[in-house]
Amino acid sequence: MSNTLQAIRGMNDILPEQTPVWQFVENTLRDVLQNYGFREIRMPVLEKTELFKRSIGEVTDIVEKEMYTFTDRNGDSLTLRPEGTAGCVRACIQHSLINRQTQRLWYTGPMFRHERPQQGRYRQFFQIGVEVFGLEGPDIDAEMLMMTARLWRRLGLKQVSLQVNSLGTADVRANYREALVAYLDTVYQQLDEDSQRRLKTNPLRILDSKNTAVQALLEGAPVLADFLDEESRTHFRALCEQLDLARIDYIVNPRLVRGLDYYGRTVFEWVTDQLGAQGTVCAGGRYDVLVEYLGGRATPAIGFALGLERLIALLEKQGVETPDTSPHLYVVTVGEQAQQQGMVLSEHLRDALPGLRLVTHCGGGSFKSQFKKADRSGAHYALVLGDDEVQRRVAGIKPLRDREEQQTVSFDELNSRLADLFGLQLN
Ligand code: ATP
Ligand code: MG
């Protein structure tokens with residue numbers, strides 16, 4: 001193995017055994033997003049480095065130490081996107097999608113961050129991102145949360161809980177920052193190195209510290225809620241009321257802040273205690289200043305991103321059943337005529353039964369070796385065809401997964417028999 005090439009640490013291959021659950025999640029998410037009138041947008045994976053520096057903020061973990069940045073052949077500094085919001089806002093401004101218009105958008109794809117790889121934390125990971133432009137909320141804030149709650153229901157996920165908070169306006173955060181710094185200065189010696197550094201650069205981020213000793217110190221810290229302006233307070237109250245009406249459980253977590261600088265007012269996270277330290281599966285909030293900051297017309301906005309690896313790990317942990325994707329049928333043919341007619345018949349079946357998953361054996365060999373391959377394919381039944389069957393215009397249907405008897409069915413009845421057997425619609 002040592003001589004063969006390996007994938008980059010923290011960047012995973014997703015193998016054929018794993019893709020069915022990915023497809024289940026992606027398809028379900030796409031459905032639900034469509035149900036709510038969201039449209040897909042696709043952006044490049046590479047952007048100019050400046051975009052992320054300006055939008056995410058110079059003194060965040062991502063920009064300070066996690067970006068994959070390089071100089072291309074023209075001498076331009078480019079970065080593999082660490083998240084999707086910046087690129088989405090850039091695209092909306094560039095193509096004038098948000099001049100006095102509401103946009104409900106989503107995207108999916110890989111994101112890149114140079115973090116320490118561990119369970120639930122990778123260097124390439126997949127997100128589904130959702131952004132709404134042009135609505136001030138709190139109705140849309142509530143709808144975003146109702147939509148995510150529906151996602152969990154549709155996926156069959158349990159035990160994800162919602163935490164919400166309001167970060168208020170920029171002035172509120174500036175006042176709060178002062179009070180927080182004053183408090184943390186009194187316990188400076190007990191802070192870890194990271195927090196000591198952040199105290200100078202980005203003190204609010206200390207609230208997000210994963211260090212339990214730091215978290216304990218924060219118990220005594222002033223809370224942002226006490227500094228909120230009246231408008232943010234009203235906004236937050238309306239959001240909570242709407243969630244109550246929709247019977248969505250949530251916890252107000254006064255220490256919830258987001259890792260990126262552009263958030264204000266509503267922020268939220270969906271968390272689980274079933275994935276160890278990497279328990280946040282979905283996170284987002286309002287970023288009303290970003291569009292203008294990146295050169296667009298002032299536009300309120302809210303969004304969230306869902307981490308697909310964590311979501312899938314949770315589905316697997318909870319043993320959620322995903323749709324069967326193994327072949328219904330594996331066509332076994334022995335004899336020259338049977339082999340030719342088998343291919344013709346397979347195409348007819350695909351025409352007649354659009355939902356049919358059918359593998360036609362290729363490569364010849366004995367019945368025995370073909371059945372072995374049929375079995376290994378995971379197929380539920382084999383369709384058996386020899387030259388003799390072709391003459392009589394019949395095929396054998398042999399169960400591969402249980403002890404039912406093999407049946408012989410005439411070509412004329414085959415379509416309807418298979419439709420019954422697999423619960424499929426005839427074309
Ligand atoms: P964390 O606090 O766990 O580092 P974050 O605040 O950096 O998360 P966001 O930038 O808000 O995360 O990204 C949204 C979601 O994307 C996260 O809640 C998580 O599910 C997922 N995510 C973020 N970073 C990673 C990663 N390195 N590997 C896998 N998933 C990730
Ligand atoms: Mg992070």
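FYI, side chains are in, hydrogens and waters are out, and symmetry mates aren't considered; it's all heavy atoms of this structure. Every number for a ligand or one of its atoms is a count from 1 in the order of the listing.
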Taking the minimum heavy-atom distance to atom 21 (C) of ligand 1, which of Gly307, Ala277, Ala313, Gly129 ranks first? Gly307

Below 4.0 angstrom from a heavy atom of Gly120, which ligand 1 atoms are there? Numbered from 1 as shown, please. 28 (N), 29 (C), 30 (N)

Can you name the closest pair of heavy atoms from Gly156 and Gln318 and give their distance? O-OE1, 4.2 Å

Would Asp208 count as being in polar contact with ligand 1, using the rule that some N or O on each side must be under 3.5 angstrom apart? no

Can any side-chain N or O of Thr19 pair as donor or acceptor with the backbone N or O of Trp22 at less than 3.5 Å? no

Option with minimal heavy-atom separation from atom 15 (C) of ligand 1, where the choices are Arg121, Gln118, Gln127: Gln127

Is Arg310 in contact with ligand 1, taking contact as a heavy-atom separation below 4.0 Å? yes

For Leu245, enumerate each residue passing the side-chain contact (heavy atoms from CB on, under 4.5 Å) test, keeping only those at least two apart in sequence or located in another chain. Gln242

Of the side chain and backbone of Leu311, name the one, both, or neither that has a heavy atom under 4.0 Å from an atom of ligand 1. neither

Any pair counted as side-chain hydrogen bond (donor to acceptor under 3.5 Å, both in side chains), so long as it reaches residues 167-182, sequence neighbours left out: none

Could you tell me whether Tyr381 and Phe422 have their ring centroids closer than 6.0 angstrom? yes

Given Phe125, Phe112, Tyr122, identify the one with the heavy atom nearest to atom 22 (N) of ligand 1. Phe125

Decide if the gap between the ring center of Trp270 and the ring center of Phe304 is smaller than 6.0 angstrom. no

Under 3.5 Å, N or O to N or O, is Glu309 touching ligand 1 that way? no

Filtering Arg113, Gln119, Glu66, Arg116 for the heavy atom nearest atom 10 (O) of ligand 1 leaves Arg113

Can you spot which of Val181, Asp185, Thr186 makes a side-chain contact (heavy atoms from CB on, under 4.5 Å) with Tyr183? Thr186

Do Ile140 and Glu143 have side chains that approach each other closer than 4.5 Å (heavy atoms only, starting at C-beta)? yes

In terms of atom number and element, which parts of ligand 1 are under 4.0 angstrom from non-hydrogen atoms of Val281? 20 (O)

Can you name the atoms of ligand 1, numbered from 1 with element, that are less than 4.0 Å from a heavy atom of Lys210? 2 (O)

Within 4.0 Å of some non-hydrogen atom of Ala305, the atoms of ligand 1 are 14 (C), 15 (C)

